[in-house]
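Only one structure is covered here, and it is reproduced in the block below.
Indexing begins at 1, ligand by ligand and atom by atom, following the structure's order. Remember, predicted model here, so these are calculated numbers, not experimental data.
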Amino acid sequence: MYKEKILNILRASRSAFLSGEELARKIGVSRTMVWKHIKALKRDGFGIDAVPSQGYRIISEPDLLRQNEIKTGLKTRVIGKEIHIYPEISSTNTRAMEMASDNAHAGTVVIAETQTGGKGRLGRKWISPKGNLYFSVILRPEIPLHKAPLITLMGAVAVASAIRKACNVHAVIKWPNDVLISGKKVCGLLTEMSAEQDRIRHIVLGIGVDVNMDLDVLPTDVRMMTTSLLSETNKKINRTALLREILRELDHWYQVFLHDSADMLKAWENLNMTIGSRIAVSGAGDVLEGLAQGVDTEGRLIVKLDDGTTRTVAAGDVTIVKR
Ligand code: BTN
């Protein structure tokens, strides 16, 4: 706590030096304690100038996600009350599933700076270099099993809304839950679940957002369909601020969803770019082409085929067909 206070005071004084005595007085600890916390901040990667007779000033900050900073001003009801951060992990989804089985609280968030075995939809890999956001949220909704797929749609609503607010770019949702900017994917969501008969034990909502990554690290086929917030805005994004916004939006839309999933679906429809488009959707082996007409109450896509019949699709990959 004192470390965080010292950090905030140093940040507020910008380039001006602050003496150890002043810092000690401001937070009510001894000068020795101030010095100890400064040493700890340096260990965390902060660049701090320490000049005898002048004091301390902050010159650089590490680009790392930190628990206390994320929690500052978060004010959520459920999401992010407990946060675990790993510098490197196989997959935040896998870790969150383990924690959920060990009775972790609903709303627990598992974050990693990088993943060595990041998982994507339909058994794909999720390439996870440093500079992005990779996190998973443990949820324990008391809903019937058939409503579970709506959790991923809810996640997409939260991420698209948060990106619009925090980065001022036009993020849209492609069914079921990809978030795109200018036609390219900027975020993917992967939900995993543990259930028995008709009862959900827990759901893990995994979110990967391409924030400040260098797109050149991606293989060409993936790169062509991918964008990052950095390349869309030409600005390095503050990942902490963005993550906080996403957690806040998740907290909000999760409550909306629990209260009335139709309200959440309305928000999804307002943010989506699939409905009304001619699409091709590939699922288990076959490809359907037609007009995306809407989503049903369980989030399945309703497609009107050229022969006039209607099909409902629960999972698959959508491409927009231009004629
Ligand atoms: C997709 O294929 O679009 C889904 C990608 C989901 C990636 C995220 S990154 C955090 C979480 N951990 C994982 O292993 N996957 C999800």
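- For residues 240-261, the set of pairs meeting the salt bridge (Lys or Arg N to Asp or Glu O under 4.0 Å) definition, not counting sequence neighbours, comprises K165-E249, E245-R248.
- Between E232 and S182, the shortest heavy-atom distance links the atoms OE1-OG, 3.2 Å.
- Distance CZ/R201 to OG/S101: 8.0 Å, rounded to 0.5 Å.
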Provide, line by line, the atom pairs where ligand 1 and the protein bring an N/O atom each to a distance under 3.5 Å; else say none.
{"from": "ligand 1", "atom 1": "2 (O)", "to": "R121", "atom 2": "N", "distance (Å)": "2.6"}
{"from": "ligand 1", "atom 1": "3 (O)", "to": "K185", "atom 2": "NZ", "distance (Å)": "2.6"}
{"from": "ligand 1", "atom 1": "12 (N)", "to": "T92", "atom 2": "OG1", "distance (Å)": "3.1"}
{"from": "ligand 1", "atom 1": "12 (N)", "to": "Q115", "atom 2": "OE1", "distance (Å)": "3.0"}
{"from": "ligand 1", "atom 1": "14 (O)", "to": "S91", "atom 2": "OG", "distance (Å)": "2.8"}
{"from": "ligand 1", "atom 1": "14 (O)", "to": "K119", "atom 2": "N", "distance (Å)": "2.7"}
{"from": "ligand 1", "atom 1": "15 (N)", "to": "K119", "atom 2": "O", "distance (Å)": "2.7"}

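- Both L145 and L150 are assigned to one and the same hydrophobic cluster, defined by single-linkage of ILVMFWY side chains at heavy-atom distances under 4.5 Å.
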Acceptor/donor pairs from residues 35-56 side chains to any protein atom, 3.5 angstrom cut, sequence neighbours excluded:
{"from": "D44", "atom 1": "OD2", "to": "K3", "atom 2": "NZ", "distance (Å)": "2.8"}
{"from": "D49", "atom 1": "OD2", "to": "R57", "atom 2": "NE", "distance (Å)": "3.1"}
{"from": "D49", "atom 1": "OD2", "to": "R57", "atom 2": "NH2", "distance (Å)": "3.1"}

Give the table of side-chain donor-acceptor pairs shorter than 3.5 Å for residues 205-222, with sequence neighbours excluded, one pair per line with atom names and distance.
{"from": "D210", "atom 1": "OD1", "to": "N132", "atom 2": "ND2", "distance (Å)": "3.3"}
{"from": "N212", "atom 1": "OD1", "to": "I237", "atom 2": "N", "distance (Å)": "2.9"}
{"from": "N212", "atom 1": "ND2", "to": "I237", "atom 2": "O", "distance (Å)": "2.9"}
{"from": "D214", "atom 1": "OD1", "to": "D216", "atom 2": "N", "distance (Å)": "3.1"}

